[in-house]
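Quantities reported herein were computed from a predicted structural model and do not represent experimental measurements. Count residues from 1 along the sequence.
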Amino acid sequence: MSKAKNHGSTPAPRGNKKGSPAPELSDRLASFEFWLVRNWRVLFAVAAVVIALVIVYYIVVQVGEARENAAATAVAQATDSTALAAVVKEHANTQAVNPARMQLAVEASKEKRYAEALEYMHMVVGSSADYALTAEALMLAAATHENAGDDNAAADNFKKVAADVKQPLARRTEAAYQAGRILLKAGQTDAARAMLQQAADANAGSKPMEVDYTAEVYARQAKALLNKINGQ
């Protein structure tokens, strides 16, 4: 009986071992490494620029904070209006002097120096990042314009506040009522009616627990003027 002929073991098929990268991936990695070697100076330069920008930003922030702190200290140390005006002039490019500008504007308005008062208030509106302070400056500017006899400018300033959704409802309602009142006084009935209606509708659709009662005060005044316009 003959033994079966041994043909030897069958060699394992050639190919990628499990977990080894495919040829395409290896080629891509090689290409990337080649690109990286050739362009490392460019990458280094870009990184250096980014780092420099971060450093510059940090310096600007620190310098800005120092200026604001210095301005706030100077405002606190001012003993009268003359000193306060000097501080405002010296630190004109800071936010910290805006409350001082408002104070000077109020004093100037009381003394009927309307142009000076308006100049201070316009500075606040043009520079303040504080929405509440900006609205306060616009409201005060509107009152100053009215006192100076410029009803159109007064109404325009009130309308800006009334249209600013960033402001609380009560402030917007007050501004809408004031704009309507002034426009009615100026004989602009249709424009007055629109602003007064905005104020009157301040709490429209609100549940009892959601009513803004400060806004409601101006809403009721607006309704009274609307009734007057409509002959009721």
Apply side-chain hydrogen bond (donor to acceptor under 3.5 Å, both in side chains) to residues Gln188 and Asp151 and explain how you reach the verdict. CA-CA 11 Å; Gln188 302 179 45; Asp151 287 342; over 6 Å; no
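Side chain of Asn147 to backbone of Ala143: a donor-acceptor contact under 3.5 angstrom is found. The main-chain N or O of Ser127 is found under 3.5 Å from a side-chain atom of Gln95 such that the two form a donor-acceptor pair. At least one donor-acceptor pair closer than 3.5 Å links the side chain of Arg172 to the backbone N or O of Gln167. Proximity of a side-chain donor or acceptor of Arg101 to a complementary backbone N or O of Ala92 within less than 3.5 Å is detected. Checking side-chain atoms of Asp201 against main-chain N and O of Ala204 turns up no donor-acceptor pair under 3.5 Å. When atom types are taken as modelled, the side chain of Gln198 and the backbone of Ala162 share a donor-acceptor pair closer than 3.5 angstrom. Formation of a donor-acceptor pair under 3.5 Å by the His122 side chain with backbone atoms of Leu118 is found in this model. Under the 3.5 Å distance criterion, the side-chain polar atoms of Thr134 are matched with a main-chain donor or acceptor of Asp130. Asp150 places no side-chain N or O within 3.5 Å of a backbone atom of Glu146 that could act as its donor or acceptor partner. Glu116 contributes no side-chain N or O that, together with a main-chain N or O of Ala105, makes up a donor-acceptor pair within less than 3.5 Å.
Contact annotation: the side chain of Val217 approaches that of Gln221 to within less than 4.5 Å [non-hydrogen atoms, C-beta and beyond]. Residues Lys110 and Val106 are in side-chain contact: their nearest non-hydrogen atoms beyond the backbone lie under 4.5 Å apart. Taking the side chain as every heavy atom from C-beta outward, Arg67 and Asn93 never approach each other to under 4.5 Å. Inter-residue side-chain proximity for Met195 and Arg181 is flagged as unmet; no heavy-atom pair is nearer than 4.5 Å.
Residues Leu225 and Ile182 do not share a hydrophobic cluster, clusters being chains of Ile/Leu/Val/Met/Phe/Trp/Tyr side chains in contact below 4.5 Å. Two different hydrophobic clusters hold Val125 and Met102 under the rule that ILVMFWY side chains link at heavy-atom gaps under 4.5 Å. One hydrophobic cluster, built from ILVMFWY side chains closer than 4.5 Å, holds both Met123 and Val97.
Between Ala215 and Leu169 the shortest heavy-atom distance is CB-CG, 4.1 Å. Residues Ala117 and Ser109 share a closest heavy-atom pair of CB-N, 3.7 Å. Taking every heavy atom of both residues into account, Ala78 and Val87 meet most closely at CB-CG2, 4.4 Å. Thr173 and Ala219 make their closest contact through CG2-N, 4.0 Å (heavy atoms, listed as atom of the first residue, atom of the second, distance). When all heavy atoms of Ala96 and Pro99 are compared, the pair lying nearest together is O-CD, 3.4 Å. Shown here for Leu104 and Ser81, the closest heavy-atom pair between the two residues is CD2-O, 3.8 Å.
Between the side chains of Glu210 and Asn203, no donor-acceptor pair of N or O atoms lies under 3.5 Å.
Once rounded to the nearest 0.5 Å, the distance linking CG of Asn157 with NZ of Lys159 reads 11.0 Å. Atom OG1 of residue Thr189 and atom CG of residue Leu184 lie 6.0 Å apart, to the nearest 0.5 angstrom. Tyr114 OH to Met121 CE: the interatomic distance, rounded to the nearest 0.5 Å, is 10.5 Å. Atom CG of Asn152 and atom CG of Asp156 lie 6.5 Å apart (nearest 0.5 Å). Distance check, rounded to the nearest 0.5 Å: CD of Glu136 to CG of Leu138 gives 9.5 Å. Between Phe158 atom CZ and Met139 atom CE the span is 5.5 Å, to the nearest 0.5 Å.
The environment of Lys185 atom NZ is dense: over 12 non-hydrogen atoms of other residues, nucleotides or ligands sit within 6.0 angstrom.
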